[in-house]
Every structure is written in structure tokens, then in C-alpha cells.
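Single-structure report; data block below.
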Amino acid sequence: MSAGARERAAALRAEIARHDYRYYVLDDPEIPDAEYDKLMQELRALEAAHPELISPDSPTQRVAGAPSAAFGEVVHEVPMLSLDNGFTQEDVAAFDRRALERLGEPGPLEYWAEPKLDGLAVTAIYRDGALERAATRGDGFKGEDVTANVRTVRSFPLRLRGKAPAVLEVRGEVFMPLAGFERFNREAEARGEKTFVNPRNAAAGSLRQLDPRVTASRPLQMYCYGLGTVRGWHLPARQSELLEALKEWGLPVCPHSARVRGVEGCLHYFHDMGQRRARLPYQIDGVVYKVDRLAYQERLGFVSRAPRWALAHKFPAEEAMTEVRAVQWQVGRTGALTPVARLEPVFVGGVTVSNVTLHNFDEVQRKDVRVGDTVVIRRAGDVIPELVRVITERRPAHAAPVALPKRCPVCHSQVLKAEGEAVARCTGGFSCPAQRQEAIRHFASRLAMDIEGLGEKLVAQLVEGGLVRSPADLYTLSAEQLQGLERMGEKSGANLLEAIERSKRTTLPRLLYALGIREVGEATALALARHFGDLDALIEAAREHPEQVEQVADVGPVVAAHLHAFFAAPAHRELIERLRAAGVSWEPLPSRAAALPLAGQTFVLTGTLAGMTRHEAQEALSALGAKVAGSVSKKTHYVVAGEASGSKLEKARELGIPVLDEAALRRLLGRHSP
Ligand code: D41
């Protein structure tokens, strides 16, 4: 045996002991469970290869937390077995095959399938229907007496309903439902107290309280899944019937369990629970299959503390540890700089993750992520992976803090972060290739101009090759230019040109959305198009009468300001002219504004009105489709004159424009108001 193996085993034991202390005593684990399991697995494998290394104090020689001195010890009359774990379809198939072989049955076998709750295993003895004693699983043979605490868990009946057996020992999982867990943590945080890392630690920590009043204040629940000692009752034929009986006695059982057939049924159940997992009110880490017929369970028996008739099929770990290799900044369409952590690739939640977004600089600072840090990555279900936290205990001395770049990593323009805003932006606008590239990709995307075949890679080639600087350049691309691109055949070039040609016939909402104006998504683009009917009316309103733009449903001052800024830029008006010149066209929509009673009428307000502010008058007129202008000209239809009106009133008289006083304005508005 190598000295290396002995040293490694010693190092593993020391590390595991340290994690045990943090987990069981401090209730503050440093690493995810899956990482802990890996350490144990490595130690087990090492000891299996070198049995002479096994020592009685090795953590592999103790199944779970030894009973603490604070609680009385309970010896389980029927040992509490553990569950074998499986991770793959093959593991499930092998489990089923072994069971069938041992039973000499052709199959398919019926299984009772249930969620594997992430809580704490507990056993409770009812004598003549009354709850007598409850204990934790401990090491499976001896546990802790937690009767006083379990009595405070409201889903545990203190008395069984109906005719109860002389002795009934029920076993199940005590857990903290997610809603209660989140509420508990919120409240603990508000009080400045310690929070729990996960619902299981919350359940364990709550049940192992010396003061039962503390346990009583925690939202614990329990589901029963099996039996220990039973006297005075004949067991039914099946697991499913057994659980029915427990329910009759008033004991809670999990409502999401089901009877399934064969491996296929098991896998179907596994996938189904995987899908539903995120919406379940409690946390689960897999499912459990149990041979349904108790006579078969009896014949299958158990090996080394785990029944041969049950298997825990675990979901892939949702959290894993890895290292941050770098933090890079990505520039989006609107110039927003997004920090992205490049990771040492890690397998988590069933996929390999090598990048994770850090959202913005505030987030980087809040989480204090540094290059070289060891971090916990989480990927739950189909959710985008996230960086949960930094393990500061593992921070190397050279770990470098992340700084917000002063210049854009792509175009070297200045980066600005507005006070109070989380997002930092490149100020390069369209001169920044990253923004240009994103703008063109967005322009061509399915819900925008829908140019089929113009994907991210191709856009990058076109922009990098200098062929396309603005979306309008797409419409002047030639077959020859496309031929010069990598992996672009004659046929695909022709197809692309055809798709570009097709995109010319579009709709106003699509075009508006395609322009990529900040905060103008599809819904806003549609509302704007419907309201104004055609682009010129929108441009004029956006530039000169933002209050009219704000009349559009869901458009507030921020969107109005973005529209104003966009159409005020000469480059953007030129873009629209070029698109039109290239033949991009759209049917005008029936404008809602055109149908309004004062559509096409221009008003000028002057002087002070007694009953409303100038702004209110302006809004009321705009709402009816009127345009409110600042100065009187030949194009003015009406002038509204209040008290102390000056030169505008004179000008109106000069030009012979009708003048309304406040009463006339009210009549006009009143006639048209709903
Ligand atoms: O939901 C669970 N965590 C769960 C745990 C379950 N649904 N069924 C279980 N069945 C067993 C056997 C088959 C051994 C009676 C279990 C456990 N055991 C278990 N919990 C903790 C250790 C073992």
C-alpha cells in the first residue's frame, strides 16, 4: 500500500469531520451535500481498496449523526433501514431485474412510487392509539428521543382515529414545506437571526431543539411511508393498502404517490415528478420505488441495512462547486454591460455549465465574486444556472476583485453607470460593433423582420467583414458579397437573399419592434402602431409631442423619452429613409387616433384657465386626438384663451383663427367625453 493512500484517507477523514461539525453542530454547512457525498465516496473507495486503512473512528463506520447527549436514547426494536440510491435508467432497470430474478417472476412487477422528501426520518410509536414515543432515525439502530418535539408537529395525530392496533410504529419523514421555510427565513433575517441553508436543515434543526416551544413555532409537517413494530393488526397485501390504512387512522401520507408497473412505469413517474418538482409545495431530491406486494418485500429481504425491495432514484444534484476562471463583460444591443463568470466546467442539474451570468456590477459586489474563487453553482430544473454564493473559506490569497471596466471591451468607448442604476452601458451606440451586431440580429429575428437563415454566426461574419454596418445594409447585399463568406454555398446565398427580399413586405408593428428602440417590445410596438396608424405620425408625435405618445396604453414617460431620443437622432431617421428607399413597406393600419373626434385639429393654449391647469387641458385635448401646438400659425385650428392671454391671442385675431374661452373649451370636451 502506498503512503499516499494512507495520507489521503487521513486528509479525507479530517475534512469530513470538519464538515460534520459545521453541518450537525453549527447547522451551517460550507459545501453542498453532493460535494460532501463525493468526499465520502472517495473515502469508501479508498477503504475498499485498502481495508487495513479502516479505523473505528472513520466516518464511514458511522451511518448518521450519533445521538446527542441532550436527548434520551431510543433503541429501535425494528431497525430503520436505509435506501439504496440509483441515478440512471440503467440503475433502475438493474434493480428491477435483480428483484425479478430473486423472486423467479416474469414481471412486470408493480411498484409503489413516491416522492423522496428532503427532511428527517422519524419513527413514532402509538400504543392503544395514543402517541407514546417518537425518535429520530439516528444510525438506524439507535436514535434520539424527540417525543416532546414531535408532539408539537400538528400533522402528527396525538391519538389515532377508529380502531387502532395494540402497538403501531409508523415511520415517515418530517419536513418543512417550502412556503413555511421561506417565511421562516424572511422573518429570521428581519430579526437579524441565523437563516437555514435549505428546508432539510430547517426541519432537522427545528426538531432537535431542546425547548419544544421552539419546535412548536416552526412550520413542520410529516408524511408517513412505512411501519416498524406492529402488534394486534394483520398487515394487508400491499404497500398501497398499508398507506390507505394509515390514512384511515388519521396519519398523513403523501398525496403524490402512485402505483406504477415495471421499469417503464417507474421512469415515467420519475420524469413526471421531475417536471412537477418546481411546483410542489415541498422539496424533494428524487423518488422512491417500493415493490408493492408485501409478500414479495418479505421474500426479497435486505442486504447491509438496505431493503432489496426499495430504490431511491435521485435527481441530478442541483448544486455543485467549481472555480471562477475569469469574469468577462458582454455588451448587449442597448450597450448594457453584463458580467459573465467563466467557470471550470461543472456537471450540475443534469448539464455541464461553464458560464453563468452575474447580471450586473451591483450583483458582483453583493456576492463579492472574485477571480479564483470557489463558488456554488445551482441549476434547478430548466432554470438558467446561477451562482449561489462564494465559499470565502476557500478564497486563495491571489483572488482578484472584479472591477467595472472604464471602457467598452469591444469598441473602447467610455462606459457610464448612472447613479442609482444597476446597469453600466457602453456609450458607443451604433459605432460599437457589439451593439451593431446585436441590433442587426434583433432586426432579423423571427418576431421582428423575420429574415430566415440570418442567425447569430452569419450576422457576426457580416459585421466583422464590414459588409453590414446598419440593418439597411442587409437590403443592398449582393450574391457576390455573400459568396465571399465562410461556409456559404451558392444555394444558401440565394436562399438568404430571397429571405431578405421577402422581409421587405412587413407590418408596422414588426418594423417598430425591429428598430430595437429601448423598452419597445412587441406589445408596445403593436400599441404604438395601432394608435398612430403610420410611422410618420408616430415620429412626429415622438419628436414634438411626447404627451401624445403617452396617450398610448402602457406607454409612460420613460418609453416616451426613449422614443423621443431614438427618432431625434439623425442616424435613425436616415436608417428609416434607407429602409424605405430599399423597398421596405407596410400596410398602414387603421389609426385609432384618426378615428378620434378631434383628430387632425391643432389647438394652441394661452393664458391661465381657472378650473384646470394647462397640462390638464392639454391632456384632455390629446386624448380626443387633437394636436396641441406651442405657437399660433396658419395651421392652427383653435386658440383657447384664458385669463391674461397675450401675444398669442393677438396673433389669432390677426389670422382670423377661432378663439375659445374656458366655457367653450369645457363644452367641447364635455360633448366628446364618454
Ligand atoms: O421520502 C422519503 N425521504 C423516504 C424515505 C421515503 N419516501 N421512503 C423511505 N422508505 C424507506 C424504507 C424503504 C427503508 C422503509 C425512506 C426511507 N426508508 C429512509 N429515510 C431515511 C432513511 C431511509
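A quick note: this is a predicted structure, and the numbers were derived from the prediction, not measured. Indexing begins at 1, ligand by ligand and atom by atom, following the structure's order.
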If you measure every N/O of [X] against every N/O of ligand 1, is any gap under 3.5 Å?
X	value
L81	no
Y225	yes
R137	no
S82	no
K116	no

Any side-chain heavy atom of [X] within less than 4.5 Å of one from [Y]?
X	Y	result
N198	D118	no
R259	Q239	no
K290	Y225	yes

Determine, using ring centers only, whether W112 and W309 are less than 6.0 Å apart. no
Between F184 and F196, does the ring centre distance come in under 6.0 Å? yes
Where is the nearest protein heavy atom to [atom]: which residue, which atom, and how far?
atom	result
atom 18 (N) of ligand 1	L83 CG, 3.7 Å
atom 1 (O) of ligand 1	L117 N, 2.9 Å
atom 10 (N) of ligand 1	K290 NZ, 3.0 Å

Close approach, Y223 and ligand 1, non-hydrogen under 4.0 angstrom: no
Give a yes/no on ligand 1: does P115 have at least one heavy atom closer than 4.0 angstrom to it? yes
Measure V288 to ligand 1 on non-hydrogen atoms and call it side chain, backbone, both or neither using the 4.0 Å cut-off.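 Near ligand 1, V288 shows its side chain, while the N, CA, C and O stay back.
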Answer side chain, backbone, both or neither: which part of R171 comes under 4.0 Å from ligand 1, heavy atoms only.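 It is neither; nothing of R171 touches ligand 1.
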Check ligand 1 against [X] and write out every atom of the ligand that is under 4.0 Å from a heavy-atom position of the residue.
X	answer
W309	13 (C)
A121	20 (N), 21 (C)
E114	6 (C), 7 (N), 8 (N)

Donor-acceptor check, side chain of K367 to backbone of L387, threshold 3.5 angstrom: yes or no?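 Looks like yes, one N/O pair under 3.5 Å.
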Per the salt bridge (charged side-chain N to carboxylate O under 4.0 Å, His left out) rule, which among R6, R8, R13 passes with E47?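 Exactly one candidate clears the test, R13.
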For a quick check under 3.5 Å, do S82 and R305 share a side-chain donor-acceptor pair by atom type?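 R305 and S82 do not have a side-chain donor-acceptor pair below 3.5 Å.
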So how far is it from D128 CG to R159 CZ, rounded to the nearest 0.5 Å? 8.0 Å
Reported CD-to-CD distance for the pair E319 and E35, which is rounded to 0.5 angstrom: 10.0 Å
